[in-house]
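In what follows, every heavy atom counts, from backbone to side chain, and hydrogens, waters and symmetry copies are set aside. In what follows, every chain begins at residue 1, and chains take the letters A, B, ... in the order their sequences are listed.
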There are 2 protein chains.
Amino acid sequence: MELLKERIRKDGVIKEGNVLKVDNFLNHQMDIGLFNEIGREFKRRFADERIDKILTIEASGIGIAAIAAQYFGVPVVFAKKAQSINLDGTMLSAPVESFTHKRRYEVIVASRFLRPGENILIIDDFLANGCAAMGLCQIVEAAHARVAGIGIVIEKGFQCGGKLLREKGLRVESLAIVDGMDAATQTVQFRD
Amino acid sequence: MELLKERIRKDGVIKEGNVLKVDNFLNHQMDIGLFNEIGREFKRRFADERIDKILTIEASGIGIAAIAAQYFGVPVVFAKKAQSINLDGTMLSAPVESFTHKRRYEVIVASRFLRPGENILIIDDFLANGCAAMGLCQIVEAAHARVAGIGIVIEKGFQCGGKLLREKGLRVESLAIVDGMDAATQTVQFRD
């Protein structure tokens, strides 16, 4: 998605340790006009899939998923993060290791919001090691629903998440895939 | 807002301890069609205010703020919650005590996303004791910006938050004000 790549080039800030900061428009301040273009593009890419619900994860996936949902005409469920939980049989959960925050947590979804047989589109802002997406897939499977696809705004192509998910036969659509970045020159290489 | 009240009556679940669960449509599963009606109503109520930016707080404020922002044509900034932070001069923060989770945390906003003189509309899903809204107001003041108003989806009118904010001269618009609820009969009394 050219508009998104241009925006990353213009407003993204690269920090040492392969950190790409896009908090100016994506995950702290949110450019809702851009989010609409992102939502429209997800709909274009998943036009041939039946989607019953969008599943995302707090916090930065929520805004993108909410706007994208308008193009699909479906509700959004967002998974919650908790460091410890008491499962009472009404919640589905999966463990996730965060790349950015270097900690482990559980992602949780109330089981009544994912029904058997539903077609679920997973949406998130970033895909790096794939742990969050993998956790969401586990939850969808536990609900006996189907992952219809995974829509990612920015994929770090040099980390293993995209490869792992695609090898499992999942359809991953990333609107920008970053293959490399250089903090010294503040340049980003995108996959074609 | 009649549509919202009807929805609360239909899908809200009242638990002992004055807990109103609306996770079916507001803060876990999100009904984006309803969010659009909420956004439209916020715009109608704040039509006479100049709004430069919407400020909300993770996680459940984000979806509502993102959809509402479309009616105002402005970006959204969401404050982050952290249990401990290292302030490096580029962040604004305020302490908040959570009613639901019975814990204290800091709300944080990067200072470059709130500029002096900007007119900020604060949006959140719930107003109870007013701590979160108060924290956001403190951050807006610290940025030398102005709170143009506070838009709340559900106010618990029997708790002190709304009173405290209004007594400070802040304009609070709550789309549904709950004056009482009864877990035994599952009934909600709304303010007229």
Side chains of B:Asp23 and A:Phe113, heavy atoms from C-beta outward: is any pair under 4.5 Å? yes

Would you indicate whether A:Asp192, at its atom CG, is surrounded by more than 12 heavy atoms from other residues, nucleotides or ligands within a distance under 6.0 Å? no

What about B:Val140 and B:Phe46, same hydrophobic cluster or not, with Ile/Leu/Val/Met/Phe/Trp/Tyr joined at side-chain heavy-atom distances under 4.5 Å? no

Can A:Ile154 be reached from A:Leu165 by stepping across I, L, V, M, F, W or Y side chains whose heavy atoms are under 4.5 Å apart? no

Going from NZ on A:Lys80 to CG on B:Asn27, what distance comes out if it is rounded to the nearest 0.5 angstrom? 5.5 Å

Where does B:Val109 contact chain A at under 4.5 Å (heavy atoms): side chain, backbone, both or neither? both

For a quick test of reading the model, state the closest non-hydrogen atom pair linking B:Ala59 to A:Phe78 and the distance between them. CB-CE1, 4.2 Å

Membership question, hydrophobic clusters at under 4.5 Å side-chain separation (ILVMFWY): are B:Ile62 and B:Ile38 in the same one? yes

Under 4.5 Å between side-chain heavy atoms, counting indirect links through other Ile/Leu/Val/Met/Phe/Trp/Tyr residues: same cluster for B:Phe42 and B:Val147 or not? no

Do you know which of B:Lys53, B:Met30, B:Arg112 has the most heavy-atom pairs under 4.5 Å to chain A? B:Met30

Contact part of B:Asn36 toward chain A, heavy-atom cut-off under 4.5 Å: side chain, backbone, both or neither? side chain

Do you know the tightest heavy-atom contact between B:Ala66 and A:Gly63? CB-CA, 4.1 Å

Quick check on the interface: out of B:Asn24, B:Ile54, B:Asp31, B:Leu34, who has the most heavy-atom pairs with chain A under 4.5 Å? B:Asn24

In the single-linkage hydrophobic clustering (I, L, V, M, F, W, Y; side-chain heavy atoms under 4.5 Å), do A:Val188 and A:Phe158 co-cluster? yes

Report yes if some heavy atom in the side chain of B:His28 is under 4.5 Å from a heavy atom in the side chain of A:Val77; otherwise report no. yes

Heavy-atom pair of closest approach, residues A:Ile32 and B:Ala69: CG1-CB, 3.7 Å

